[in-house]
Amino acid sequence: MIRNVSVRDMRWPTSLGAHGSDAMHTDPDYSCAYVVIYTMNGAEGHGLTFTLGRGTEIVVQAVHTLSSLVIGKDAADIFNNFGSFWRKLTSETQLRWIGPEKGVMHLATAALVNALWDLWARVQHKPLWKLIADMEPEQLVNCIDFRYITDVITPQEAIKILKERQPNREKMEREVLTKGYPAYTTQVGWLGYSNETVTQLCHKYLSEGFTAFKLKVGQDLSDDKRRCKLVRQIIGDDKLLMVDANQNWDVQEAIAWMKELAPFKPLWIEEPTSPDDVLGHLAISKALAPLGIGVATGEMCCNRVLFKQFLQSGAMQFCQIDSARIGGVNEILAVYLMAYKLGVKVCPHAGGVGLCEMVQHLQLFDYICLSQSSEGRFIEYVDQQHEHFVHPVVVRNSHYMTPKAPGYSTELEREAAEGYEWPIGSEWQKLFASGKFVDPRHATTLPPTKH
Ligand SMILES: C[C@H](O)[C@@H](O)CC(=O)C(=O)O
Ligand SMILES: [Mg+2]
């Protein structure tokens, strides 16, 4: 029985070093709404959703509100009927009005649902990837709410696909346990980084065996050309380069801009325009296909329905699921199944707190149970906040090493939780005293936004 749910507003001052900065989010403070579910028998589940600083308190409030649907429930009942429980959570008759299945409510759903999955995996003494990879197809499909997607995939079809892939599961698991899963890095390319930092980081990641690098673009074309040239000169023509505009352009602007960057041979342009604009992405995909540039998107795709449209229409060539934006593992499994059926490669988004920790589990599920290939696929890697997790990701020779600890790798170290809780944590007290940040309890207006 679930006896309580706690949620904390956790923030790190990453804006001070421009870590995580892009064309739209110029001063991100990597943050999360951090949830712990407590059960009567002492088991815990930890979950989070990623946020950027201001606004985390709103997600925290939404988690408080949703928690009433979880507290008092029998965890085993939830897990036995996870798909229908997920539907109850996202269809609560009054709360759904302020979604449905999008925005703050869905971020809060993700944090809670991720914590439930962590609890389930811990209770089963398995890392999350193993928990789902070991499930019988019927059990896995029972976790998914197929409402709104049966025109693309039905539960019966999903079971059939998973059964067809079942004979290879053991082999794939053995392989990935030895080889790990390929990663690419964005750590070299945050928009606010100086030339020196970009240069130094490109050399560092090259020496660590990375073969794929992502660069933020989209604010200034001549600056983008200069940065692409710099990175290409260091990494050479044989490595992969991806660029990410974080939604800064209109559709025609995206096409024109990317034609200018085409000589640098980017594999993909990520989030060229509004994350909701399926037809806009389709137009960009069609225009850039002859140049060998694909379109990647998904980190702000609000739910499985929008993913369905992107996948169905050919508007995305790389599907970037995010572990904490749509409603947690249940809904992400639906997206993996649709992507597999429609032949689109999934390359998860992981620029944020705890996202690398989580997506490695999801992509392992894909590798073992669905695509059974890492060809043309990789998981994003950024080097942020890993040290604050009890079971941080391990990346060696540009590969994620398969996590072994039970759970979803989402538990924060106690000191981190105490130090970085906003605004009361000890680290924040020091930052307020230094004058680098303003204590919101003493401020009358929001701090100015940098543009
Ligand atoms: C604000 C985040 O850092 C964002 O730029 C991450 C992102 O787009 C990515 O990792 O991709
Ligand atoms: Mg991105």
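In each ligand, atom 1 is the first atom listed, and ligand 1 is the first ligand listed. This structure is a prediction, so every number in the text was calculated from the model and none was measured. Along the sequence shown, residues are numbered consecutively beginning with 1.
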Practice problem: May I have the angle between Glu270 OE2 and Asp244 OD2 with its vertex at the Mg ion (ligand 2), rounded to 10°? | Solution: 90°

Practice problem: Around atom 3 (O) of ligand 1, find the nearest protein heavy atom and jot down its residue, atom name and distance. | Solution: Tyr30 OH, 2.6 Å

Quiz item: Quick one: nearest non-hydrogen protein atom to atom 10 (O) of ligand 1, plus distance?
Solution: Glu380 OE2, 2.5 Å

Option set [options], criterion heavy-atom distance to [atom], minimum:
atom                   : options                     : value
atom 8 (O) of ligand 1 : Glu270, Glu271, Lys216      : Lys216
atom 6 (C) of ligand 1 : His349, Lys214, Gln384      : His349
atom 5 (O) of ligand 1 : Leu191, Thr14, Asp29, Asp22 : Asp22

Practice problem: For residues Trp117 and His361, establish whether the separation of their ring centroids is below 6.0 Å. | Solution: no

Quiz prompt | Any side-chain donor near an acceptor of the partner, Ser274 and Gln247, under 3.5 Å | solution = no

Quiz prompt | Distance-only donor-acceptor check, side chains His391 and Glu357, under 3.5 Å | solution = no

Practice problem: Can you spot which of Asp244, Asp223, Asp224 makes a salt bridge (Lys or Arg N to Asp or Glu O under 4.0 Å) with Lys216? | Solution: Asp244

Ligand-residue contact atoms, ligand 1 with [X], heavy atoms, under 4.0 Å:
X      : answer
Trp190 : 3 (O), 5 (O)
Gly351 : 6 (C), 10 (O)
Gly20  : 1 (C), 2 (C), 3 (O), 5 (O)
Asp244 : 7 (C), 8 (O), 9 (C), 11 (O)

Practice problem: Quick one: look at Val382 and ligand 1, take heavy-atom pairs under 4.0 Å, and tell me if it's side chain, backbone, both or neither. | Solution: neither

Quiz item: Which of parallel (below 30°), tilted (30 to 60°) and perpendicular (above 60°) describes His46 and Tyr34?
Solution: tilted

Practice problem: Determine the interplanar angle of the Tyr30 and Trp190 rings, folded into 0 to 90°, and report it as parallel if under 30°, tilted if 30 to 60°, perpendicular if over 60°. | Solution: perpendicular

Quiz item: Mind checking whether His25 has an N or O less than 3.5 Å away from an N or O of ligand 1?
Solution: no

Quiz prompt | N-O pairing of Arg325 and Glu299 below 4.0 Å | solution = no

Practice problem: Output yes if Glu299 passes the N/O/S-under-2.8 Å test against the Mg ion (ligand 2); output no otherwise. | Solution: yes

Practice problem: Report the C-alpha separation of Glu421 and Arg11 in whole Å, then their side-chain angles, then the decisive distance to 0.1 Å, and conclude whether the salt bridge (charged side-chain N to carboxylate O under 4.0 Å, His left out) test is met. | Solution: CA-CA 6 Å; Glu421 182 168 0; Arg11 306 188 191 186; over 6 Å; no

Self-check item: Glu44 versus Asp118, closest heavy-atom pair with distance
Solution: O-OD2, 4.2 Å

